[in-house]
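Below you'll find the structure, written out as structure tokens, and then a few comments.
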Amino acid sequence: MKWKLTLRFLRSVMTIVVIVGIVNAILFLSLFVIKVSNNNFGTEEASAETFSRTFSQYVELQAGKPVVNEEGLKKLQEMSAWVQFLNDQGEQAAAFYTPEELKTEYSPIEIVQMYKYKELDARTTVFVSEAQNFSYFLGINNPKIGRYVMTYDYAKIFKDVNVFLFIFLIVDVLIVILIGFLFGKKLTAPLHTLIEGIQQLRQRRFKKMPTPKGVYEDVFRNMNELSEKLDRHEEERKRLDQMREEWISNVSHDMKTPLASIQGYAEFINDSATDLTAQELQEYTSIIKSKSMYMKDLLDDLNLTTRLRNHQLSLQFEEVNLVQFLREMTIELLNDPTFGERKIEFEANVVKAVHKVDKKLLKRAILNLIYNALVHNDENVVVKIRVDIGPESHTRISISDNGHGIPAKDLEQIFERYYRGTNTTSKHGTGLGMAIARDIIWAHEGKLDMTSIENTGTTITILL
């Protein structure tokens with residue numbers, strides 16, 4: 001996979017470079033052909049060549065001799081040029097602005113040498129043309145202008161061009177491969193790391209990768225954040241699995257105990273029905289009924305917490321004055337023989353706090369929280385129920401006690417439905433009460449918060 005990615009990127013780079021090279025070569029050859037066909041390279045030599053060959057338009061015959069008109073003389077001065085007309089014998093017939101050292105008679109070979117090799121001086125370039133049946137030399141005194149005569153062999157030129165193009169192609173391909181390989185390796189190296197990181201995620205190994213600078217920085221940062229989140233989720237899953245196993249073990253134990261009682265008493269009644277008195281029979285059937293009710297309540301709690309967690313429970317909302325609602329609940333608790341001797345206080349800093357709530361479920365949630373404070377503390381614990389106005393005009397209900405408190409390691413998990421605290425002494429708790437209370441508050445779109453200090457007490461705050 002590593003080399004496939006590098007080779008794919010390398011092929012892409014090579015394709016782009018080759019295409020660009022071909023297009024550039026075509027453009028270069030096209031421009032070259034156009035310039036050659038027009039004989040115009042935009043240089044001073046080309047302009048001088050054109051001037052010399054078209055100079056005949058300024059030449060007239062007077063008395064059988066060539067004469068340059070005023071416009072032609074002006075052009076010669078502008079070009080820093082001179083002109084010398086020759087007859088058929090190579091003798092000077094007329095001259096304008098020629099230097100003193102210029103010859104006045106030429107043999108044919110001297111005429112050829114004058115044009116081909118411009119043998120006058122290093123500053124002057126001489127052109128040859130014809131006007132009015134006279135040949136003429138036109139010299140331009142300008143060191144920037146040059147002319148070179150080249151002899152060439154077409155076959156050799158094409159052979160040399162082919163060799164040059166082959167060498168050019170080989171060199172370019174090598175350069176492209178080298179640069180493409182280095183660039184591709186540098187660019188794809190982070191991708192290899194990403195692929196390895198993804199494979200580690202698939203294998204549930206959440207290792208943080210070093211974040212490189214550049215285009216991949218955000219990708220690596222997001223991958224590391226994902227890895228950290230998955231790592232936390234994995235730890236949470238393991239923790240929940242462990243809690244679930246412990247909870248199932250606890251629930252199984254709680255179910256087996258009453259089942260064993262029910263089975264034992266049922267068999268005893270069945271075997272000794274004729275020997276039992278009415279009082280004994282009533283006592284044994286009462287135990288069977290009590291254990292059956294406990295199992296029913298346990299199954300109801302399981303069903304309730306599952307439906308609440310999956311949002312499958314329809315709430316029956318009605319307007320309730322929470323101040324009166326909590327006051328009546330406190331009175332019921334004080335009238336309960338189980339808690340009649342316990343210290344339960346109620347305080348309200350508002351006269352009325354009306355909310356639409358499911359009265360039955362909210363009562364269940366608050367009672368669970370109060371029972372938790374009463375059952376898991378000493379008999380002399382003081383439980384205070386308070387109602388006031390909290391932040392953003394929310395109704396705040398607080399339930400506090402001065403009991404043993406909750407260890408810090410248990411505090412974050414106390415509302416988990418599979419959790420039973422380490423300081424729990426009750427043998428009948430299933431670990432569902434606090435979870436049910438939280439899910440009911442959440443179903444009312446409320447907030448639930450708990451603070452606790454060991455050997456000082458616990459405070460639970462509800463915001464509605």
Side-chain angles (χ1 to χ4, degrees), residues 24-161 164-165:
N24 289 337
I26 293 174
L27 289 176
F28 175 79
L29 291 175
S30 301
L31 290 174
F32 181 80
V33 171
I34 293 173
K35 292 295 184 180
V36 170
S37 62
N38 292 335
N39 193 26
N40 180 15
F41 294 94
T43 63
E44 293 189 46
E45 182 199 354
S47 177
E49 177 78 16
T50 302
F51 172 70
S52 66
R53 294 191 182 281
T54 60
F55 188 75
S56 60
Q57 61 182 318
Y58 305 114
V59 179
E60 301 173 355
L61 284 178
Q62 294 182 6
K65 292 185 176 182
V67 177
V68 179
N69 60 25
E70 293 184 1
E71 185 179 358
L73 294 174
K74 185 177 180 182
K75 292 288 185 180
L76 289 173
Q77 291 178 345
E78 291 176 356
M79 296 288 291
S80 298
W82 51 263
V83 63
Q84 182 182 46
F85 294 94
L86 304 176
N87 58 22
D88 294 339
Q89 288 75 37
E91 300 173 345
Q92 178 176 295
F96 299 88
Y97 306 131
T98 55
E100 294 180 359
E101 66 273 16
L102 189 65
K103 296 174 66 173
T104 58
E105 185 176 353
Y106 303 88
S107 65
I109 188 63
E110 289 176 330
I111 294 175
V112 172
Q113 288 180 338
M114 175 68 78
Y115 173 73
K116 186 175 182 179
Y117 302 110
K118 59 175 186 178
E119 293 181 345
L120 182 62
D121 57 52
R123 296 177 53 87
T124 304
T125 300
V126 180
F127 299 91
V128 178
S129 191
E130 183 182 16
Q132 302 293 343
N133 295 323
F134 287 89
S135 300
Y136 63 83
F137 289 137
L138 193 148
I140 299 178
N141 187 6
N142 189 340
K144 296 181 180 179
I145 296 176
R147 184 185 71 249
Y148 300 94
V149 178
M150 182 175 64
T151 303
Y152 51 86
D153 183 348
Y154 282 110
K156 189 175 184 303
I157 288 177
F158 280 114
K159 181 179 179 180
D160 292 341
V161 168
F164 173 77
L165 290 177

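Please read all numbers here as calculations on a predicted model, not as lab measurements.
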What pair of heavy atoms forms the shortest contact from [X] to [Y], and how long is it?
X: Glu130; Y: Asn133; result: OE2-CA, 4.0 Å
X: Asn87; Y: Ala93; result: N-CB, 4.5 Å
X: Val83; Y: Leu76; result: CG1-CD1, 3.8 Å
X: Leu86; Y: Phe134; result: O-CD2, 3.6 Å

Open item on the list: Run the salt bridge (charged side-chain N to carboxylate O under 4.0 Å, His left out) test against Arg123 and tell me which residues pass, sequence neighbours left out.
Closed with: none
TODO: Inspect the surroundings of CD in Glu78 and state if more than 12 heavy atoms from other residues, nucleotides or ligands are less than 6.0 Å away.
DONE: yes
To the nearest 0.5 angstrom, please state how far the [atom1] atom of [X] sits from the [atom2] atom of [Y].
X: Ser52; Y: Tyr136; atom1: OG; atom2: OH; result: 6.0 Å
X: Ser129; Y: Leu138; atom1: OG; atom2: CG; result: 8.5 Å
X: Arg53; Y: Phe127; atom1: CZ; atom2: CZ; result: 8.5 Å
X: Ile145; Y: Thr125; atom1: CD1; atom2: OG1; result: 6.0 Å
X: Gln92; Y: Lys103; atom1: CD; atom2: NZ; result: 12.5 Å
X: Gln84; Y: Thr104; atom1: CD; atom2: OG1; result: 7.5 Å

What side-chain donor-acceptor pairs closer than 3.5 Å can you find for residues 54-63, not counting sequence neighbours?
residue, atom, partner, partner atom, Å
Thr54, OG1, Thr50, O, 2.7
Thr54, OG1, Phe51, O, 3.4
Gln57, NE2, Thr54, O, 3.1

Task: Note, Ile111 side chain near Phe137 side chain (heavy atom, < 4.5 Å) - done: yes
Task: Counterpart residues, side-chain hydrogen bond (donor to acceptor under 3.5 Å, both in side chains), relative to Lys65 (two or more places apart) - done: none
